[in-house]
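These numbers were taken from a predicted model, which means no experiment stands behind them. Numbers for residues simply follow the sequence, beginning at 1.
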Amino acid sequence: MNRTKGDEEEYWNSSKFKAFTFDDEDDELSQLKESKRAVNSLRDFVDDDDDDDLERVSWTGEPVGSISWSIKETAGSSGSTSEGREQMKGRNSFYTQLPKPPSTYSLSSFFRGCTMPSKLASVPFSALSDTPAKTYSPELGRPKGEYRDYSNDWSLSDTVRRLRQGKVCSLERFRSLQDKLQLLEEAINMHDGNVITAVLIFLKRTLSKEILFRELEVRQVALRHLIHFLKEIGDQKLLLDLFRFLDRTEELALSHYREHLNIQDPEKRKEFLKTCIGLPFSAEDSAHVQDQYTLLERQIIIEANDRHLESSGQTEIFRKHPRKASILNMPLVTTLFYACFYHYTESEGTFSSPVNLKKTFKIPDRQYVLTALAARAKLRAWNDVDALFTTKNWLGYTKKRAPIGFHRVVEILHKNSAPVQILQEYVNLVEDVDTKLNLATKFKCHDVVIDTCRDLKDRQQLLAYRSKVDKGSAEEEKIDVILSSSPFWKSWLYVKSLSLSLA
C-alpha cells in the first residue's frame with residue numbers, strides 16, 4: 001500500500017486522538033489542551049440544572065471537600081495564594097454523577113478554618129486536633145507476650161497454665177519423649193482433668209501404644225483419665241489393647257461385653273453373647289451373661305411363634321389384646337409379665353410358660369406373684385388372682401397367703417378397677433387393724449369399716465363414719481342397728497362410766 005508524503009501527513013493530523021505530534025509545541029501545554037477537550041466533551045452529557053446533585057471530584061479521584069483532599073490542599077497552600085488555588089481547583093476538577101454524603105456536616109470545614117455548627121460547638125477543639133488518640137484493635141492491642149506461643153518459647157508451667165485458662169497453645173514443640181513426659185507431669189500436678197485429658201490426647205497421637213501404655217502404668221491418675229476418655233469416645237480397640245497390656249482380665253471381659261449394646265440384630269446379638277460366656281468374668285457376672293443369652297434365645301422363639309399366632313387371628317387373647325411392642329431385648333421382668341398376660345395357662349414344658357421362666361431364671365416368689373398379679377388383674381381375671389393366693393396345707397385346708405402383703409394386693413386390685421366385693425375380701429385379710437381401716441375408708445369398703453368398728457366397740461368412730469355414708473343406704477341402717485343393739489350399748493355405757501370414775 002503506497003502513500004505519498006502528503007497523504008501520510010493528512011492521515012496523522014486528522015486522527016481523533018493524537019498519540020504524539022511532531023510539532024514543536026511544549027509537551028505540557030499540549031497535554032493541558034487535551035485535558036480541556038476531554039472536560040468540554042464531558043460537560044455535554046451533564047445538564048446545567050442538576051449542579052446541586054453533583055459532587056466535585058479532583059483528578060486524583062478524591063471528592064473535593066473530603067478530609068484527605070483538605071489535608072493535601074492545606075499542605076500545598078503555603079506556596080500559593082487563594083486565587084491560585086481557586087484557579088487550580090477549577091482547572092483540575094470536573095463534574096461527575098456521585099451521590100451526596102448523607103451528613104450535612106463536613107470535617108473539611110474544620111481544616112479550612114470554618115465556623116463549627118452549633119450542634120458541634122460543645123465538642124472540645126482538642127478532640128479534633130491533628131494528633132490522633134492512641135487506639136488499638138482487639139488483636140493489634142494485645143501485648144506481644146500473648147503471641148509467644150507461636151515462637152515456641154513457652155515453658156512447661158506456662159503451657160499448662162494456658163491450657164487451664166483455655167487459651168491457644170501449641171504442643172507440637174514438645175518433640176522428645178522426655179519433654180512430653182515432663183508436660184504430662186506438670187498437667188498431673190495441676191490437678192485439672194481437662195488439662196490432663198488434653199495432654200493425653202496429644203500423647204496418644206504422637207506416641208506409640210507400647211510407650212504410652214508403659215508410661216501410664218506408673219502414672220495411675222493419667223491412666224484413669226485415659227480409660228475414661230476412651231470409653232467416652234468409644235475407642236473400643238485401643239481400650240481392649242490397654243486392658244490387655246495391663247493384664248486386667250475382668251475389665252477386658254466387661255469392655256468386650258459392652259459391644260453387644262451396639263448390635264441391633266437379635267440373632268447377631270445372641271451369637272455375640274455366646275462368645276462372651278467364656279470370658280474371664282467373676283462368678284456372679286458369668287451367671288448374668290449366661291442368663292442374658294438364655295433369655296434372648298427364649299425371646300426369639302416366643303416372638304416368632306406369637307407373631308405367627310397374631311397374624312393368623314386364631315387366638316382369642318391376641319384378637320382382644322393385640323401386642324403393642326416386640327418382646328425382643330426386653331428385661332426379664334417384662335418378659336415374665338408378657339408370659340403371664342398371653343401364656344398364663346400354658347404347661348411348664350413350653351418356653352413361654354410363666355412357671356418355666358420362674359424356674360429357669362430362679363425368679364423369687366415375691367417378684368413372681370407381684371408380676372402375675374399385675375398381669376391377671378389387668379385382664380380382670382379374678383379367678384386367676386384368687387388362685388394365685390390360695391394355698392393348701394398337708395391336711396387339705398385352704399388358706400390365702402401373699403408374700404407381698406395383702407395391702408399391696410389391695411392397691412394393685414384397686415388400680416385395675418376391681419369390684420368392691422373383691423376389694424373387701426382382700427382388705428379383710430390385712431392383719432394390721434389401723435392399716436385395714438385406712439384402706440377400707442380410702443377405697444370405700446363400708447362393710448369392712450363398720451364390722452371393724454363393731455369388733456373394736458368403738459362407738460365414736462362408728463358415729464363419725466355414719467355421717468360419711470349415704471342417707472337411707474343399707475350401710476346407714478346397719479350402723480343404726482349396731483348402735484341400738486343392747487350388748488353394744490351396755491358395753492359402751494360401762495366403758496363411759498369407767499372412764500368417768502378414773503377421771
Side-chain angles (χ1 to χ4, degrees), residues 137-265 268-269 272-273 275-276 278-281 285:
S137 66
E139 292 295 330
L140 297 178
R142 293 183 179 178
K144 293 183 178 180
E146 292 290 333
Y147 299 94
R148 284 190 297 168
D149 56 331
Y150 296 110
S151 59
N152 298 330
D153 57 353
W154 287 105
S155 63
L156 286 171
S157 59
D158 291 338
T159 301
V160 174
R161 176 180 55 81
R162 287 178 62 83
L163 287 175
R164 187 176 186 179
Q165 295 174 354
K167 295 182 178 179
V168 177
C169 186
S170 175
L171 304 180
E172 299 298 331
R173 73 182 187 88
F174 300 100
R175 294 186 176 88
S176 66
L177 177 62
Q178 183 180 1
D179 291 342
K180 293 176 181 178
L181 295 180
Q182 289 178 358
L183 179 64
L184 180 60
E185 292 290 347
E186 287 287 339
I188 294 174
N189 295 332
M190 185 68 70
H191 303 290
D192 191 305
N194 293 331
V195 177
I196 296 174
T197 304
V199 175
L200 286 173
I201 293 173
F202 170 68
L203 298 182
K204 171 179 171 290
R205 183 168 52 85
T206 57
L207 292 178
S208 63
K209 293 189 297 184
E210 292 76 13
I211 297 177
L212 179 62
F213 296 164
R214 183 190 65 200
E215 298 297 336
L216 293 181
E217 189 176 9
V218 296
R219 297 172 175 85
Q220 292 297 315
V221 175
L223 179 62
R224 289 194 295 269
H225 279 79
L226 180 62
I227 292 174
H228 179 75
F229 172 72
L230 294 178
K231 289 179 181 178
E232 288 293 324
I233 65 174
D235 194 344
Q236 196 69 19
K237 184 178 183 301
L238 186 60
L239 188 62
L240 292 176
D241 293 339
L242 177 59
F243 286 143
R244 194 175 291 110
F245 176 85
L246 299 173
D247 198 22
R248 296 186 181 181
T249 57
E250 187 173 348
E251 293 186 53
L252 176 64
L254 288 174
S255 181
H256 178 72
Y257 166 76
R258 289 192 187 95
E259 292 186 16
H260 85 277
L261 298 175
N262 301 323
I263 303 175
Q264 301 298 328
D265 185 74
K268 293 182 179 180
R269 178 179 285 196
F272 182 82
L273 288 174
T275 63
C276 296
L279 294 177
F281 291 103
D285 291 339

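In this structure, NZ on K231 lies 5.0 Å from CZ on R258, to the nearest 0.5 angstrom. Here the CG atom belonging to L223 is positioned 9.5 Å from the CZ atom belonging to F213, to the nearest 0.5 angstrom. To the nearest 0.5 Å, atom CZ of residue F245 and atom CG of residue L238 are 12.0 Å apart. The structure places CG of L156 at 6.5 Å from CG of D179, a figure rounded to the nearest 0.5 Å.
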May I have the step-by-step check of side chain to side chain contact (heavy atoms under 4.5 Å, CB included) for I227 and R248, ending in yes or no? CA-CA 12 Å; I227 292 174; R248 296 186 181 181; 3.6 Å; yes
Under the criterion side chain to side chain contact (heavy atoms under 4.5 Å, CB included), I'd like the reasoning laid out for T159 against F174: C-alpha separation, chi angles, the key distance, then a yes or no. CA-CA 11 Å; T159 301; F174 300 100; 3.8 Å; yes
Walk me through it: do F243 and L239 pass the test side chain to side chain contact (heavy atoms under 4.5 Å, CB included)? CA-CA 6 Å; F243 286 143; L239 188 62; 3.6 Å; yes
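With sequence neighbours excluded, the residues satisfying side-chain contact (heavy atoms from CB on, under 4.5 Å) with D247 are T249. Listed by chain and residue number, S176, Q182 satisfy the side-chain contact (heavy atoms from CB on, under 4.5 Å) test with Q178 (two or more places apart in sequence, or in another chain). Every residue two or more places apart in sequence or in another chain that forms a side-chain contact (heavy atoms from CB on, under 4.5 Å) with I233 is listed here: F229, L230, D235. A search for side-chain contact (heavy atoms from CB on, under 4.5 Å) contacts involving E172 returns S170, F202, R205, not counting sequence neighbours. With sequence neighbours left out, Q165 forms a side-chain hydrogen bond (donor to acceptor under 3.5 Å, both in side chains) with K167.
For the pair D158 and R162, the salt-bridge criterion is not met [side-chain N within less than 4.0 Å of a carboxylate O].
Among all heavy-atom pairs drawn from L279 and A253, the shortest one is CB-CB, 3.7 Å. Nearest heavy atom pair, residue Q264 against residue L261, reads NE2-O, 4.1 Å.
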For residues 183-199, which side-chain N or O atoms pair as donor and acceptor with protein atoms under 3.5 Å away, sequence neighbours left out?
from : atom 1 : to   : atom 2 : distance (Å)
E185 : OE2    : R219 : NE     : 2.7
E185 : OE2    : R219 : NH2    : 3.2
N189 : ND2    : E185 : O      : 3.1
H191 : NE2    : N189 : O      : 3.4
D192 : OD1    : N194 : N      : 3.0
D192 : OD1    : V195 : N      : 3.4
T197 : OG1    : G193 : O      : 2.8

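Ring geometry for F272 against H256 counts as tilted: the plane angle lies between 30° and 60°, on a 0 to 90° scale.
Inter-residue side-chain proximity for L216 and L242 is flagged as unmet; no heavy-atom pair is nearer than 4.5 Å.
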